[in-house]
J.: 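Structure in C-alpha cells, see below.
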Amino acid sequence: MATRPDEFLFLHDSSAGVAPRLLGCELVRMIDGHKLRVKIVETEAYDQSDMASHSFKGRTPRNEVMFGPSGHLYVYFTYGMHHCMNIVTGNEGHGAGVLIRAVEPLEGLDEIERRRGYKRLHELTNGPGKVTQALGVTRQLGGHNLRKEPLQLVVRPALSQEHLVQTTRVGISAAKDMPWRFFIVNNPFVSQPWH
DNA sequence: CGGCAGATACGCT
DNA sequence: GCGTATCTGCCGT
C-alpha cells in the first residue's frame with residue numbers, strides 16, 4: 001500500500017516561507033469532549049538568524065522544541081500569564097517556527113466563548129494569548145506532534161497573494177523592521193488589521 | 001480607536 | 001533585578 005505524501009512537507013521551508021502558507025489552514029482541538037475547529041488568519045515567522053526570536057541565542061531548555069522536527073508545537077509562557085503557540089518549521093537542528101497570532105472560530109464556538117469568558121465575537125481569538133486560551137493550549141502540549149490528536153493541523157490549499165497582507169511583526173523591539181507578519185485581508189479576527 | 005496602567009511568572013544577565 | 005513574540009479595563013477622542 002502506497003503511503004500518502006506527507007502534507008506537512010511544506011513545513012521544511014524557512015519560517016518566513018511557511019508563515020503565509022499556514023494562513024487558511026485549520027487547527028482541530030479535542031478537549032473535554034469538545035471539538036474545536038479554527039482557521040488560521042494571522043501568523044508571524046521567527047528564525048534563529050533573527051534577533052527577535054527565542055532561538056537566536058541558541059538552544060536552551062525553554063526553546064528546545066524550536067530546534068526539533070517541524071510540525072511540532074512550541075509553546076511558551078510570557079508576561080507572567082499568557083501562553084503563545086508556534087508551529088515548528090525547518091529541519092531538525094535549526095531553530096525556527098511560526099507564531100499563531102489569530103484564528104477564526106469555525107466549530108465549537110460555545111466552548112471557545114466559555115473558555116474566553118464571553119467576549120465580543122471579534123475579540124475572542126484575535127491575539128496570540130487569546131488563541132491559546134480559546135483552544136486550551138498550555139506548556140503541557142509543548143513538543144506535541146500536530147499530526148495527532150488532541151491538536152491537529154489540517155492543511156488547506158495556499159491562499160492567493162491578493163488575499164494576503166505582509167507587514168512587520170507586533171510587540172518586539174529587535175529586528176522590528178523585518179516584514180515577517182502575515183494576515184488574511186479583511187478578516188475580522190486579525191489582531192491589528194490597520195498596522 | 002488610541003493610550004495607558006496593572007497584573008504576573010519566568011528565563012536570562 | 002530586568003525585560004517580555006500580551007491582555008484587560010478604563011479613559012478620552
J.: Of the residues in residues 97-118 of chain A, which ones touch DNA chain B at a heavy-atom distance under 4.0 Å?
T.: none

J.: Within the structure provided, determine whether Phe182(A) and Leu164(A) are in side-chain contact (heavy-atom separation under 4.5 Å).
T.: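 No - every pair of side-chain heavy atoms lies 4.5 Å or more apart.
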
J.: Does any N or O in the side chain of His144(A) come within less than 3.5 Å of the main-chain N or O of Gly142(A), such that one atom is a donor and the other an acceptor?
T.: no

J.: Does Leu27(A) share a hydrophobic cluster with Leu109(A), counting links as ILVMFWY side-chain heavy atoms below 4.5 Å and allowing steps through other members?
T.: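 Yes, one cluster joins them.
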
J.: Would you say Val41(A) and Val165(A) are hydrophobically clustered, going by side-chain heavy atoms of ILVMFWY under 4.5 Å?
T.: yes

J.: Only Watson-Crick and G-U wobble pairs, only distances under 3.5 Å, only runs of 3 or more: what stems does that leave for DNA chain B?
T.: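 Stems for DNA chain B, defined as runs of 3 or more consecutive pairs: B:1-7 with C:6-12, B:9-12 with C:1-4.
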
J.: For residues 96-110 of chain A, pull every pair meeting side-chain hydrogen bond (donor to acceptor under 3.5 Å, both in side chains), keeping only residues two or more places apart or in separate chains.
T.: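 Pairs touching residues 96-110 of chain A that pass the test: Arg37(A)-Glu107(A), Glu42(A)-Arg101(A), Arg101(A)-Ser191(A), Glu104(A)-Asn187(A).
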
J.: List in chain and number order the residues that pass side-chain hydrogen bond (donor to acceptor under 3.5 Å, both in side chains) with Arg139(A), two or more places apart in sequence or in another chain; answer none if no residue qualifies.
T.: none

J.: Determine whether Leu153(A) and Leu22(A) make a side-chain contact, defined as any pair of heavy atoms from C-beta on separated by less than 4.5 Å.
T.: yes

J.: State, yes or no, whether a side-chain contact exists between Glu111(A) and Leu36(A) at a heavy-atom distance under 4.5 Å.
T.: yes

J.: Which residue pairs pass the side-chain hydrogen bond (donor to acceptor under 3.5 Å, both in side chains) test with at least one member in residues 165-177 of chain A, sequence neighbours excluded?
T.: Asp50(A)-Arg169(A)

J.: Do the side chains of Tyr46(A) and Ser55(A) get nearer than 4.5 Å, heavy atoms only?
T.: no

J.: Looking at residues 63-70 of chain A, who's got a heavy atom less than 4.0 Å off DNA chain C?
T.: Met66(A)

J.: Which letters describe nucleotides 6-11 of chain B, given B = protein heavy atom under 4.0 Å from base, S = only from sugar-phosphate, - = neither?
T.: -BBBSS

J.: Are there any protein N/O atoms within less than 3.5 Å of an N/O atom in nucleotides 1-4 of chain B, and if so, which ones and at what distance?
T.:
from: dG2(B); atom 1: OP1; to: Trp194(A); atom 2: NE1; distance (Å): 3.2
from: dG2(B); atom 1: OP2; to: Trp194(A); atom 2: NE1; distance (Å): 3.4

J.: If two hydrophobic side chains count as joined below 4.5 Å and joins carry through other members, does Leu11(A) share a cluster with Val98(A)?
T.: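 In one cluster: yes.
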
J.: What I'd like to find out is whether the side chain of Val170(A) reaches to under 4.5 Å of the side chain of Glu44(A), using heavy atoms alone.
T.: yes

J.: Between His54(A) and Thr78(A), is any pair of side-chain heavy atoms under 4.5 Å apart?
T.: no

J.: Kindly work out whether a path of hydrophobic side-chain contacts (I/L/V/M/F/W/Y, heavy atoms less than 4.5 Å apart) joins Trp180(A) to Phe10(A).
T.: no

J.: Among Ile31(A), Asn145(A), Leu73(A), which residue satisfies the side-chain contact (heavy atoms from CB on, under 4.5 Å) criterion with Leu151(A)?
T.: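 The side-chain contact (heavy atoms from CB on, under 4.5 Å) with Leu151(A) is passed solely by Leu73(A) among Ile31(A), Asn145(A), Leu73(A).
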
J.: Which ones in residues 171-182 of chain A lie close to DNA chain C, meaning a heavy atom under 4.0 Å from one of its atoms?
T.: Gly171(A), Ile172(A), Ser173(A)

J.: Is any side-chain heavy atom of Leu121(A) less than 4.5 Å from a side-chain heavy atom of Phe189(A)?
T.: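 Contact flag for Leu121(A)/Phe189(A) side chains = yes.
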
J.: Sequence neighbours excluded and cut-off under 3.5 Å, please list the side-chain donor-acceptor pairs for residues 122-137 of chain A, or say none.
T.:
from: Glu123(A); atom 1: OE2; to: Arg120(A); atom 2: NH2; distance (Å): 3.3
from: Thr125(A); atom 1: OG1; to: Val103(A); atom 2: O; distance (Å): 2.6
from: Asn126(A); atom 1: OD1; to: Lys130(A); atom 2: NZ; distance (Å): 2.8
from: Asn126(A); atom 1: ND2; to: His122(A); atom 2: O; distance (Å): 3.2
from: Thr132(A); atom 1: OG1; to: His83(A); atom 2: O; distance (Å): 2.7
from: Thr132(A); atom 1: OG1; to: Gly129(A); atom 2: O; distance (Å): 3.0
from: Gln133(A); atom 1: OE1; to: Arg116(A); atom 2: NH1; distance (Å): 2.6
from: Gln133(A); atom 1: NE2; to: Arg115(A); atom 2: O; distance (Å): 3.3

J.: Clusters formed by hydrophobic residues whose side-chain heavy atoms approach within less than 4.5 Å: which one holds Val154(A), and what are its other members?
T.: Val28(A)

J.: Mind checking which nucleotides bracket the chain A contacts on DNA chain C, 5' to 3', with an atom under 4.0 Å from a heavy atom?
T.: dT4(C) to dT8(C)

J.: Does Leu23(A) reach the side chain of Leu159(A), with side-chain heavy atoms less than 4.5 Å apart?
T.: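 They are in side-chain contact.
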
J.: Measure from the ring center of Tyr76(A) to the ring center of Tyr74(A) and say whether it is less than 6.0 Å.
T.: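 When the ring centroids of Tyr76(A) and Tyr74(A) are compared, they turn out to be within the sub-6.0 Å range.
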
